[in-house]
Amino acid sequence: MELFRFASSVYGQPVLLGASWNLLPWFLGAGGAFIVVHAIYKVVTGSSGA
Amino acid sequence: VGARKTDRVVRHHLPDRLYHWIMAAAVLTLLGTGFLPILGWKFEWVTAHWIAGLMLAALVACHIVRATVWLDFWSMVVGYDDLRSGWLAVGQALGRKGPPPLKPGKYSLLQKLYHFAITAVVLALVATGILMLLKIDTPLWRRNPYWFSDHAWGVIYAIHDLCAMSVITLLIAHVYFALRPEKLWMSRSMIIGWISNADYRSHHDPARWPQQQGGE
């Protein structure tokens, strides 16, 4: 998986454009995974704190 | 919600609540205008994006001044007691015996860590976003993209992109905690401004967050 977007310069060299948009699902997934893990932790422990 | 005024402890004053919700509108606008075109929704997004970005930058500047001059700046800074309490909380979660975690002041350790993370990300977004304004024409200025080399622009865009995607993760966690049933007493205060005296006493250490009504 590529982390960055590149284009070619007029000399044929790679030029950094920015971060790869293929990372977007990973950031969304990290948020979803956090919710799932925390919710399971709360159910298992039954604690009322953070 | 129907508590008498003497049973209330002010948690968020009106200017701070307005700041929070206007900032939320600006961030959602920025996320929508930033990511929907990438996901295939074609519309003229640039103007709305830079206007919302400037609004966010102005709000952040106001918040920094207000938090430094009028609010208790140190209430959001991680201190020794927070770290000690966090260590005790981890021990408790792992089933270790020992004293319970300390009650927090106005903000808990996790809230302070979250605030630190979102501060770093938003400041990076604002800084890179202001630089990116050099790439567009607006009624206020003309574009001048030659301030930086192609590589430098790539780095600026990469930082902006990564921070923008990080905001999505942080926002998901923020909304999740705000909607959890045991946090609603606190989330509600971002709308109505106050928490009950009972919540103040049960969730906070009055010595670390002294409040007139709550201390009575």
Side-chain angles (χ1 to χ4, degrees), chain A, chain B residues 31 34-40 85-86 88-90 92-95 100-101 103-104 107-114 121 128 132 149-177 179-183 185-186 202-203:
Chain A
M1 183 179 62
E2 292 189 348
L3 298 179
F4 298 100
R5 290 176 283 129
F6 290 95
S8 290
S9 72
V10 291
Y11 306 107
Q13 294 171 324
V15 178
L16 179 64
L17 292 180
S20 169
W21 299 127
N22 292 332
L23 297 173
L24 190 52
W26 289 91
F27 282 90
L28 274 166
F34 177 83
I35 289 176
V36 171
V37 170
H38 185 267
I40 291 173
Y41 167 77
K42 296 295 285 186
V43 169
V44 169
T45 62
S47 64
S48 60
Chain B
L31 289 175
F35 286 115
L36 289 179
I38 294 166
L39 297 174
S85 183
L88 293 172
V90 170
Q92 192 179 57
L94 296 174
K103 285 184 181 177
Y107 299 106
S108 69
L109 173 62
L110 291 179
Q111 287 173 318
K112 291 178 181 182
L113 292 176
Y114 180 88
V121 165
T128 52
M132 289 156 83
S149 67
D150 286 346
H151 178 73
W153 276 120
V155 172
I156 290 167
Y157 272 75
I159 293 171
H160 197 81
D161 298 343
L162 289 170
C163 288
M165 289 187 279
S166 301
V167 167
I168 294 175
T169 309
L170 290 168
L171 196 60
I172 289 171
H174 180 63
V175 173
Y176 165 69
F177 279 119
L179 296 179
R180 279 201 62 90
E182 75 273 14
K183 305 289 185 194
W185 63 272
M186 190 168 22
S202 65
H203 296 288

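Naming: A, B, ... by sequence-line order, numbering from 1 per chain. Note that these values count all heavy atoms, side chains included, but never hydrogens, waters or copies made by symmetry. If you're wondering where the values come from, they're calculated on a predicted model, not measured in any experiment.
Crowding of A/Trp26 atom CH2: a count of heavy atoms from other residues, nucleotides or ligands under 6.0 Å not exceeding 12.
Neither the backbone nor the side chain of A/Ala7 comes within contact range of chain B, judged by heavy atoms closer than 4.5 Å. Neither the backbone nor the side chain of B/Ala89 comes within contact range of chain A; no heavy atom of the residue lies under 4.5 Å from a heavy atom of that chain. Residue contact with chain B, scored on non-hydrogen atoms closer than 4.5 Å, involves the backbone and the side chain of A/Ile35 alike. Looking at A/Ser9, neither its backbone nor its side chain comes within 4.5 Å of chain B, counting heavy atoms on both sides.
From A/Leu24, atom CG reaches atom CG of B/Leu39 across 6.0 Å, with rounding to the nearest 0.5 Å. Atom-to-atom distance recorded for A/Lys42:NZ and B/Glu182:CD is 4.5 Å, nearest 0.5 angstrom.
For B/Lys112, the salt bridge (Lys or Arg N to Asp or Glu O under 4.0 Å) partners are B/Asp82, not counting sequence neighbours.
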Donor-acceptor pairs under 3.5 angstrom involving side-chain atoms of residues 164-174 of chain B: please list them, not counting sequence neighbours.
{"residue": "B/Ser166", "atom": "OG", "partner": "B/Leu162", "partner atom": "O", "Å": "2.8"}
{"residue": "B/Thr169", "atom": "OG1", "partner": "A/Phe27", "partner atom": "O", "Å": "2.8"}

